[in-house]
Amino acid sequence: MALLDVEELKVEFPTRRGVLRAIDGVSFGIEPGEVLGVVGESGAGKSLTGAAIIGLLEPPGRIAGGRVLLDGKRIDNLPPARMREIRGRQIGAIFQDPLTTLDPVYPVGRQLTETMQTHLKLSDADARRRAVAWLERVGIPAGAQRVNAYPHEFSGGMRQRVVIALALCAEPRLVIADEPTTALDVSIQAQIIELLKSLTRDHGTSVMLVTHDMGVIAETADRVAVMYAGRIAEIGPVRAVVKQPAHPYTEGLMGSIPWIERKVERLRQIDGAMPRLNAIPPGCAFNPRCPHVFDRCRVERPDLLDAGATRAACWLHDA
Amino acid sequence: MAAFILSRILQAIPVLLVVGFIAFALFAFVGDPVVTMLGQDYTEAQRQALIHSLGLDQPFFVQYAHFMWAALHGDFGISYRLARPVAGLIAERLPATLELAFTASVLALLVGLPMGVYTGIYRNAASSRLFLVFSLIGVSLPTFLIGILLILVFSVMLHWLPSFGRGDVVHLGWWSTGFLTISGLKALVLPAITLGLFQMTLIMRLVRSEMLEVLRTDYIKFARARGLSDRAINFGHALRNTLVPVITIVGLQFGLVVAFSIVTETVFQWPGVGLLLIQSIAVADIPVMSAYLLLVAVVFVVINLVVDLLYYAVDPRLRIERRAAAGAR
Ligand SMILES: Nc1ncnc2c1ncn2[C@@H]1O[C@H](COP(=O)(O)OP(=O)(O)OP(=O)(O)O)[C@@H](O)[C@H]1O
Ligand code: SF4
Ligand SMILES: [Mg+2]
């Protein structure tokens, strides 16, 4: 059984000029120990999907349909107190900007012990010992002294290591990492990804890794989901999606990735722009930009269809 | 730490010198003490003798230096009106004002802070809106009107609380306190509410807007993502991060409360320095007025120092900068 199952997830924002549907029927699963990469242009709905899973959509945003299951049990309709027990303990989160993610007024050790003692029965001494161990595990030397340091005493990269420690310290089974390296210096990005990879592999933790960096996806993810305008355009094993993309949008994204050299590459630009939420065209949302568009694309919306090794939401694969 | 306090005290010296100058200048520009003290009939010789004995024939800055030197020793001269040393007059009245200001500020903090937190967390609740409307009234009604309304309701109509004076006081050394008698405490209630209401609403609005600000930050979202309890998030993290601005405002407000207790003291005939000032202004009792000015300046300086020290305790970033700066020296 999958660790996490997202079924037909819909997220809406009521606005004065009607309801905006930002996520429109997203389904995917994550197996224990699996790394799922999530890519897509800005505004595709990657962050909202993550926020919906951990129940932290900002009002007035709300889940308007579908289900989220952890170990086959629904977590999208839990009372707040029960959901709190899942956040941090079952599903951890890593945010984008380490400079703003840590509370400036507490030493990092205190933030670690607070998190652990919220979820695990630990004495103060044990929690403190573990906090030191976690700092060292995420590559912060002299953890015993650094536990008493405040966030502003660390560099950006070091702070992101602290954030990773915080996300993992209550030993969750899934971590949602939303662009964990975007705000960091390029020279540190690879180290942080490597750290995240090795720690989660050691603990058998699943990862939902949101990134714009196809190089990172190629090296890190087992499977990848490509999002477009609030839906999944294509999902499948990372090699297949990168080497033989089945969806024209993925094809566009992958066009210029030098896969063999494994060079770090940003997503390629595709002509045109993703439609705004209030102007999503009927049929396939990608049709105004698609080089293979045909009549059916403009009237009927494709769901995910089997397309070789992957699944793609494209009528080209309607058998 | 000691160096920090010392540097703050050194910084305060120019401020006090300037205020002292203004206090001193009052003598030169408001009324003529010689005429006031001589009365109706006097000879030119008497006048010269008095001018000489008061040191008024000396150069301006020498007189200023004398004034400051005397003030430093607690000598503010003799009240024209009461013919008694000003220092003694003020020392007699100061406990009343400080106890009133303290009670008003504590009241404002004890009510304003929780209300600010509540309205910040439950910003859309009907009760929050009610608090906000109430706070608007508190901010916009003038102090004397609030005092008179309170007297009307609780003294005149209900006869629950006294409308003037300080009640019975107990003397502890030179300090007189109203905290230790029932009538003293009862007498405190209405003036303290009157004086504290503005502050209370100010603190509430400040805490509320700071809370709203902090609750939007990434570290609060991350605290939620870590699964912390609402209590830990709202109080441990959000409120804790609002403390720096709140301490500043509350601290500075305490200075203002002391300074502006004048109105409340007048309405309630509260025997503090504010009332003394009003009575002194009416007859141009310059020594009292100038001593009052200096007193308020000292209160502000002391409060500023306390606020700085609290900052230091509350914001780790300041501590580090100071450590770094000290290391660099
Ligand atoms: N509070 C809101 N009200 C209305 N629309 C919103 C709100 N928050 C997000 N959206 C919309 O939801 C869509 C998805 O946003 P999301 O943050 O998930 O994008 P993303 O894929 O994470 O993009 P990025 O790569 O820039 O992080 C966007 O089009 C955005 O405009
Ligand atoms: S469904 Fe049509 S428009 Fe959409 S991606 Fe496939 S071919 Fe292009
Ligand atoms: Mg995002």
> When rounded to the nearest 0.5 angstrom, what distance separates CD1 in Ile193(B) from CD1 in Ile146(B)?
10.5 Å

> Using non-hydrogen atoms and a limit below 4.5 Å, what part of residues 98-129 of chain B faces chain A?
none

> Given Thr264(B), which of Thr194(B), Thr97(B), Leu190(B), Leu197(B) fulfils the side-chain contact (heavy atoms from CB on, under 4.5 Å) condition?
Thr194(B)

> Name all pairs fulfilling the ring-ring contact (aromatic ring centres under 6.0 Å, His included) condition that reach into residues 119-149 of chain A, sequence neighbours left out, sorted by first residue then second.
Trp134(A)-His203(A)

> With a 4.5 Å cut-off on heavy-atom pairs, point out which of Val163(A), Asp103(A), Leu102(A) contacts chain B the most.
Asp103(A)

> Please flag which part of Gln96(A) lies under 4.5 Å from any non-hydrogen atom of chain B: side chain, backbone, both or neither.
neither

> After noting the C-alpha distance and the side-chain angles of Ile75(A) and Gln90(A), does the key distance pass the side-chain contact (heavy atoms from CB on, under 4.5 Å) rule?
CA-CA 11 Å; Ile75(A) 59 167; Gln90(A) 306 288 341; over 6 Å; no

> Distance-only, no hydrogens or angles: does the Glu136(A) side chain make a donor-acceptor pair with backbone N or O of Ala133(A) under 3.5 Å?
no

> Are the side chain of Arg89(A) and the backbone of Glu171(A) linked by a donor-acceptor contact shorter than 3.5 Å?
yes

> Between Glu34(A) and Ser206(A) (side chain of the first, backbone of the second, donor and acceptor by atom type, cut-off under 3.5 Å), is there such a pair?
no

> Who in residues 212-237 of chain B is close to chain A, using a strict under-4.5 Å heavy-atom cut-off?
Asp218(B), Tyr219(B), Lys221(B), Phe222(B), Arg224(B), Ala225(B), Arg226(B), Gly227(B), Leu228(B), Ser229(B), Asp230(B), Ala232(B), Gly236(B), His237(B)

> Can you check whether Leu184(A)'s main-chain N or O pairs, donor with acceptor, with Gln189(A)'s side chain at less than 3.5 Å?
yes

> Chain B heavy atoms under 4.5 Å from Ile91(A): which part of the residue, side chain, backbone, both or neither?
backbone

> Would you say the side-chain atoms of Glu210(B) pair up with the backbone N or O of Ala238(B), donor to acceptor, closer than 3.5 Å?
no

> Quick check against the 3.5 Å criterion: does Gln160(A) have a side-chain atom that pairs as donor or acceptor with the backbone of Thr181(A)?
no

> Given that the side chain runs from C-beta out, which part of Ala93(A) has a heavy atom under 4.5 Å from chain B: side chain, backbone, both or neither?
both

> Can you see which heavy atom on Val244(B) is nearest to which on Thr248(B), and at what distance?
O-OG1, 2.8 Å

> Among Ile176(A), Asp97(A), Leu166(A), Ile54(A), single out the residue with the greatest number of heavy-atom pairs under 4.5 Å to chain B.
Leu166(A)

> Could you tell me which residues satisfy side chain to side chain donor-acceptor pair (under 3.5 Å) with Glu85(A), sequence neighbours excluded, listed by chain and number?
Arg82(A)

